[in-house]
Amino acid sequence: MSNVIVTMYCLFLIFGMFLSDVAFSLENRSPEKELESQRAEFLRIEKQVWSTSDKDFATLIINLGDYPLVPYLIEKKILHGLTTKKVDQVSAFLKEYKDTPLERRVLRPWLRYLAKKNRKSLFTEFYAPMGDIKLTCRYLRYQLEDNVNKDQLYSQVADLWNVSKSQPKDCDPLFKKWKADGQLNEELILQRIAKAANGGQYSIIAYLRTLLPEDKKYLADLWYKTRKSPSTVKRLNVFKGHYPYIETEIISYGLGRLIWRNKAASIKTWERAQKKFTFTDEQQAHVANRFAISMAISRHQDAEYWLIKSELLEQDPEVLRWHLATLLKEQKWPSIINLIEKASPTLTRAHDYQYWLARSYAELGNDYKANELFKQLAGERHYYGFLASARLEQSFNFQNQPLVIEKEVIERLKQLPSAKRAFELKKLGRFHEARLEWRFVQQQLDDQERLASAVIASQWGWHDQAIFTFTNTGYLNDVNRRFPMAYSDILTKEAQRNKIDPEWAFAIARRESSFMSDAVSSAKAFGLMQVLPSTARYLEKKRVSNRALMNPNTNAKLGNKYLRYLMDKVDNNTLLATASYNAGWSRVKSWLPTSETVGADLWIETIPYRETRNYVKAVMAYKQIYQHQLFEISDSKTPQPIGNSVFGELVQMQIPITVGD
């Protein structure tokens, strides 16, 4: 059945038209228009959907032929002036586009409408889970009213109630009935209080306290006070010992936070608390873990003691990493070897441990062992592999193995209805909807076809989707598609304008957004190079709109301008400027060595912020890859000297004590 016939079928079901009328329109429509013309006509129809009669609208749709976004127009028509009289239209549409993103676009507002009108039977008939808490609560409420599978339903309601934050008021009737049936118990209440205190919405503790019996209300008070002020745990007399397991949980939680503010008081309180209470192994490990990491970051004199103590209680990867960092700061090379070789191989076979094991052997003069390890690392394309290659003064192994997909497979996937819709939505700049359609496409594919879809996305210039798909499928050796020269003209131009390396600009954009021009971070940074509105305002001396920041040209201009600004702050040190782009230059200056210069690789490994540490490693590796690509494009006949490469310079670089003003 052709797309046009499917459209005719849908219109017949949805609008209740006579089949002969639609067939007549189909026979007499003008010849199929080119895609560009269809796109323009789609946009024109879209603007007048709400003011067009059903019959005229159907004619317009038929004249659009097999344009992929026709169902988006039908969706708009259905949702305009939604009433229960449209139940057949909704039902037909949902059946036609079942499991696609289009289904959710109609089903969610339809269910919300039915809930608002309290149309219980229709709501229950159409309901399907979609991650909407309000709708879920309404559905469970209706089910309980009908006494359907009460035991199973009560379990679902308990899961909805027992969360770390307030649920929507729409859930109150459901929870009221659930409580009235005697389902709420003290254990659930105390669990929710702990969740609210430990990183959740702790303001709800006051309400939860009212649900507890009198003799347990003090536990809610302790959780609340400890969340607001960890120093509460110093006053051990307020911990009465009536419910020791819960009280020790509060104390261990509080000490895990207090250690970052007052180390001496934390240690003293912990010593006293252990005499008064018996802590579980898990609680002891938690306290030791927090103490160890906090002291390692602050370079406390007792850091080594707590790191070892924590490792004896629990093999925590983060503690082991900070133990390594502590030893690196002090350059205790024999201790580093001892740490790595005695720790669990499951943890230490990772690239970072193997690199520092090699570095330690090299520092102690055992070049044979060091080079043996460096050679193993140098065979791979990653930060430590590039470091190892540079130390061996050998060429980098980029492991570029471009995917070759049969043309027939590519063309078949491009013809999938959701693929066509994704392409058109992308062309119209509707990236969110396009990504939803594209994810739906990939859900239908096997692993090999998903790789083909990554190639298609790359062909379309949809680089973020190509990058994500390669990562998700585990095929990482199609280097040019994973590290595309996207937005090459504007990134190169702006880099040159600001006198910075183009490969650096590419690396920053690749790390920040994977070249997603509409990317928005949790910190509200926007676009290609993830520029904050406040940064843009500072650079331009005027407000720059969020919409403008989504424009690749504007974003590349501001991102590169900011890189230049940071370079000026850190004496043109690209490594320090990279860290500053993520963490801020004033913070990076506080991380500089205090007494003597240190090697760049050692400094990177001891950056206290995990996010910044990983960010710098990624950008340096990406910069090396882009430097190689730009060198190849230059068609130079002379091989690039390793010493002039990104990592060739990095292994020679010393981080100074001070930079800038």
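- The salt bridge (Lys or Arg N to Asp or Glu O under 4.0 Å) contacts involving residues 453-476 comprise Arg435-Asp464, where partners must be two or more places apart or lie in separate chains.
- Looking only at side-chain heavy atoms (C-beta outward), Asn582 and Tyr609 stay at 4.5 Å or farther from each other.
- The minimum heavy-atom distance between Ala422 and Glu437, with the atom names listed, is CB-CB, 3.9 Å.
- Between Tyr562 and Val531, the closest side-chain pair of non-hydrogen atoms is not below 4.5 Å.
- Atom CG of Leu160 and atom OG of Ser155 lie 10.0 Å apart (nearest 0.5 Å).
- Ser121 and Tyr142 are not linked by any side-chain donor-acceptor pair at a separation below 3.5 angstrom, with hydrogens and angles left out of the test.
- For residues 410-452, the set of pairs meeting the disulfide (SG to SG under 2.5 Å) definition, not counting sequence neighbours, is empty.
- Judged by distance alone, the side chain of Glu512 and the main-chain N or O of Ala525 form no donor-acceptor pair under 3.5 Å.
- Listed for the Ser91 side chain is no donor-acceptor partner under 3.5 Å among the backbone atoms of Val87.
- The shortest non-hydrogen separation linking Phe526 to Leu549 is CB-CB, 3.7 Å.
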task = Dump the intermediate steps for side-chain contact (heavy atoms from CB on, under 4.5 Å) on Arg141 and Glu145, then the final yes or no.
result = CA-CA 6 Å; Arg141 176 181 154 195; Glu145 288 174 358; 3.5 Å; yes

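- Here Leu69 contributes atom CG and Glu46 contributes atom CD; the two are 8.5 Å apart, rounded to the nearest 0.5 Å.
- Qualifying ring pair (Phe, Tyr, Trp, His ring centres under 6.0 Å) partners for Tyr538, counting only residues two or more places apart in sequence or in other chains: Tyr565.
- Here the straight-line distance linking atom CZ of Phe123 with atom OH of Tyr113 works out to 14.0 Å at 0.5 Å rounding.
- Ring planes of Tyr253 and Trp223: tilted class, angle from 30 to 60°.
- For Glu424, the salt bridge (Lys or Arg N to Asp or Glu O under 4.0 Å) partners are Arg39, not counting sequence neighbours.
- Below 30°, between 30° and 60°, or above 60°: for Tyr97 and Phe93 the angle between ring planes is between 30° and 60°, a tilted geometry.
- A 4.5 Å side-chain heavy-atom check between Arg227 and Arg257 finds at least one atom pair inside the cut-off.
- Residues forming a ring pair (Phe, Tyr, Trp, His ring centres under 6.0 Å) with Trp438 (at least two apart in sequence, or on another chain): Trp460, Trp462.
- Side-chain contact annotation: Arg381 with Asn400, donor-acceptor N/O pair under 3.5 Å absent.
- Residues Gln530 and Asn555 approach most closely at N-OD1, 4.0 Å, considering heavy atoms.
- Residue pairs meeting the disulfide (SG to SG under 2.5 Å) criterion with at least one member in residues 71-116, sequence neighbours excluded, do not occur.
- Remark: Met550 CE to Ser517 OG distance equals 8.0 Å, nearest 0.5 Å.
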query = For Thr59 and Ile62, what are the C-alpha separation, side-chain angles and deciding distance, and is it a side-chain contact (heavy atoms from CB on, under 4.5 Å)?
reply = CA-CA 5 Å; Thr59 302; Ile62 293 298; 5.8 Å; no

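- Without hydrogens or angle criteria, Gln183 side chain to Ala158 main chain gives no donor-acceptor distance under 3.5 Å.
- Applying the salt bridge (Lys or Arg N to Asp or Glu O under 4.0 Å) test to pairs two or more places apart or on separate chains, those with a residue in residues 170-182 are Lys150-Asp181.
- Between atom CZ of residue Arg430 and atom CG of residue Leu436 there is a gap of 13.5 Å, rounded to the nearest 0.5 Å.
- Summarising the local packing, CZ of Arg44 is surrounded by more than 12 heavy atoms from other residues, nucleotides or ligands at distances under 6.0 Å.
- A donor-acceptor distance shorter than 3.5 angstrom exists from the side chain of Tyr626 to the backbone of Pro484, with no hydrogens or angles considered.
- With contacts defined as side-chain heavy-atom distances shorter than 4.5 Å, the pair Gln48/Leu60 qualifies.
- Ring centroids of Phe506 and Tyr622 are separated by 6.0 Å or more, keeping the two rings apart.
- Side-chain contact check for Thr136 versus Leu174: every heavy-atom pair is 4.5 Å or farther apart.
- Residues that satisfy the side-chain hydrogen bond (donor to acceptor under 3.5 Å, both in side chains) test with Asp478, not counting sequence neighbours, are Arg481.
- Counting only distance, with no hydrogens or angles, the side chain of Arg510 and the backbone of Arg482 share a donor-acceptor pair below 3.5 Å.
- Put simply, the side chain of Tyr581 reaches to within 4.5 Å of the side chain of Met529, judged on heavy atoms.
- Checked for salt-bridge contact, Lys557 and Glu540 meet the test: a charged N lies under 4.0 Å from a carboxylate O.
- With 3.5 Å as the limit, one finds no donor-acceptor pair spanning the side chains of Asn614 and Tyr383.
- Glu449 contributes a side-chain N or O that, together with a main-chain N or O of Asp446, makes up a donor-acceptor pair within less than 3.5 Å.
- With respect to Glu408 and Arg412, no salt bridge is recorded, no charged nitrogen being found less than 4.0 Å from a carboxylate O.
- Applying the 6.0 Å contact sphere to CD of Glu406 captures no more than 12 heavy atoms from other residues, nucleotides or ligands.
- Residues passing the side-chain hydrogen bond (donor to acceptor under 3.5 Å, both in side chains) test with Asp146, sequence neighbours excluded: Lys120.
- Residue pairs satisfying the disulfide (SG to SG under 2.5 Å) criterion with at least one member in residues 100-197, sequence neighbours excluded, are listed as follows: Cys137-Cys171.
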query = Do Ile45 and Phe57 pass the side-chain contact (heavy atoms from CB on, under 4.5 Å) test, and can you show the C-alpha distance, the side-chain angles, and the key distance before you say yes or no?
reply = CA-CA 8 Å; Ile45 296 171; Phe57 177 73; 4.3 Å; yes

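- Residue pairs meeting the ring-ring contact (aromatic ring centres under 6.0 Å, His included) criterion with at least one partner in residues 70-89, sequence neighbours excluded, are Trp50-His80.
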query = How far apart are the C-alpha atoms of Leu35 and Tyr67, what are their side-chain angles, what is the distance that settles it, and do they pass the side-chain contact (heavy atoms from CB on, under 4.5 Å) test?
reply = CA-CA 7 Å; Leu35 198 56; Tyr67 183 62; 3.9 Å; yes

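- A donor-acceptor pair is defined here as one N or O able to donate and one able to accept, closer than 3.5 Å; such a pair exists between the side chain of Glu103 and the backbone of Asp99.
- Of the possible donor and acceptor atoms, none in the side chain of Asn480 sits under 3.5 Å from a partner among the backbone N and O of Pro402.
- Within the structure, the salt bridge (Lys or Arg N to Asp or Glu O under 4.0 Å) test picks out the following pairs touching residues 188-210 (sequence neighbours left out): Arg209-Asp221.
- Within the 4.5 Å cutoff, no side-chain heavy atoms of Lys426 are placed close to those of Gln465.
- Proximity of a side-chain donor or acceptor of Lys414 to a complementary backbone N or O of Ile456 within less than 3.5 Å is not detected.
- Within the 3.5 Å criterion, the main-chain N or O of Phe440 finds a donor-acceptor partner in the side chain of Gln444.
- Side chains of Arg421 and Ser418: a donor on one and an acceptor on the other come within 3.5 Å.
- Taking 4.5 Å as the limit, some side-chain heavy atom of Tyr154 sits within range of a side-chain heavy atom of Leu144.
- Scanning both residues, Leu491 and Ala509, for their nearest heavy atoms gives CD1-CB, 4.3 Å.
- Rounding to the nearest 0.5 Å places CD1 of Ile189 at 5.0 Å from CG of Leu212.
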